[in-house]
Amino acid sequence: MGTDPTTVDPAVSTGIGVVGAIIYLAFAVFAIVVMWKVFAKAGQPGWAAIIPIYNIYVWLKVAGRPGWWLILFLIPIVNIVMALIVSIDIAKSFAKDAVFGVVGLWLFSIIGYAILAFGGAQYRGPAALVSKQGAYQG
């Protein structure tokens with residue numbers, strides 16, 4: 001009598017689930033530590049990284065964007081564009097270029113933010129506030 005190849009031993013599936021949960025928790029803890037350090041470097045409270053909506057508000061403040069932009073993050077598709085803009089502003093706030101903002105902070109965020117958190121990058125102030133241009137004078 002052979003074994004049915006469509007059945008899975010419960011012990012194996014439990015082991016896979018436990019290993020997956022451990023990897024997920026390690027990833028989540030690392031992400032919290034990274035954002036905590038980035039917020040602390042920017043002069044914001046590090047604990048803001050663990051408060052769900054407030055962390056986006058602090059993220060906007062670090063970039064120099066107004067707090068009402070938080071509403072834009074609730075709109076599908078618009079939130080993707082807003083995240084891209086804010087990522088570029090965060091990169092410029094830490095004296096990095098726009099390419100780092102797009103590739104490092106937007107596409108590969110955990111790696112990019114880890115570079116900001118544990119690297120030598122220093123917060124220079126909110127980039128969006130600095131780069132505002134005056135009205136066109138003709």
Side-chain angles (χ1 to χ4, degrees):
M1 307 279 166
T3 60
D4 184 8
T6 60
T7 61
V8 178
D9 184 18
V12 172
S13 62
T14 301
I16 291 171
V18 168
V19 169
I22 290 171
I23 291 170
Y24 173 77
L25 286 174
F27 184 77
V29 167
F30 181 70
I32 290 170
V33 168
V34 164
M35 288 309 292
W36 191 301
K37 296 271 295 174
V38 169
F39 284 171
K41 271 189 172 184
Q44 299 293 328
W47 54 264
I50 59 176
I51 310 297
I53 302 298
Y54 183 63
N55 63 4
I56 298 172
Y57 178 78
V58 172
W59 189 52
L60 289 168
K61 290 300 172 190
V62 169
R65 294 297 178 176
W68 67 265
W69 274 31
L70 182 62
I71 297 168
L72 298 174
F73 278 89
L74 301 175
I75 304 170
I77 307 300
V78 174
N79 59 2
I80 296 170
V81 175
M82 302 317 301
L84 177 62
I85 292 168
V86 174
S87 294
I88 292 170
D89 288 342
I90 293 286
K92 290 179 180 179
S93 296
F94 281 91
K96 302 285 186 185
D97 60 353
V99 174
F100 180 80
V102 173
V103 176
L105 300 182
W106 190 63
L107 289 176
F108 302 106
S109 14
I110 193 69
I111 296 167
Y113 282 104
I115 290 170
L116 291 183
F118 301 116
Q122 296 296 318
Y123 183 67
R124 307 278 191 226
L129 294 178
V130 173
S131 65
K132 283 190 177 176
Q133 298 176 357
Y136 179 66
Q137 298 297 323

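Predicted, not measured: the structure shown is a model, and the values here were computed from it. All values below were derived from every heavy atom in this structure, side-chain atoms included, with hydrogens, water molecules and symmetry-related copies excluded.
Residue L84 holds its CG atom at 9.5 Å from CG of D89, rounded to the nearest 0.5 Å. Summarising the geometry, atom CD1 belonging to I53 is positioned 7.5 Å from atom CG belonging to N55; distances are rounded to the nearest 0.5 Å. Going from atom CZ of F39 over to atom NZ of K61 covers 13.0 Å, rounded to the nearest 0.5 Å.
Between L60 and G67, the closest heavy-atom pair is CD1-O, 4.2 Å. Between Y123 and K41, the shortest heavy-atom contact is CB-O, 3.5 Å.
In the hydrophobic clustering of this structure, M35 groups with V29; members are Ile, Leu, Val, Met, Phe, Trp, Tyr whose side-chain heavy atoms approach within less than 4.5 Å, directly or through other members.
When atom types are taken as modelled, the side chain of Y57 and the backbone of A48 share no donor-acceptor pair closer than 3.5 angstrom. For the pair S93 (side chain) and A127 (backbone), a donor-acceptor distance under 3.5 Å is present.
For the pair F118/V34, a side-chain contact is recorded, criterion being any heavy-atom separation below 4.5 Å from C-beta on. Proximity of V62 to Q44: side-chain heavy atoms (C-beta onward) are separated by under 4.5 Å at one or more points.
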Side-chain donor-acceptor pairs under 3.5 Å in residues 96-116, sequence neighbours left out?
{"residue": "D97", "atom": "OD1", "partner": "F100", "partner atom": "N", "Å": "3.1"}
{"residue": "Y113", "atom": "OH", "partner": "W59", "partner atom": "NE1", "Å": "2.8"}

N/O donor-acceptor pairs under 3.5 Å from side chains in residues 68-79, not counting sequence neighbours:
{"residue": "N79", "atom": "OD1", "partner": "I77", "partner atom": "N", "Å": "3.4"}

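For K37, the NZ atom sits in a loose shell: 12 or fewer heavy atoms of surrounding residues, nucleotides or ligands are nearer than 6.0 Å.
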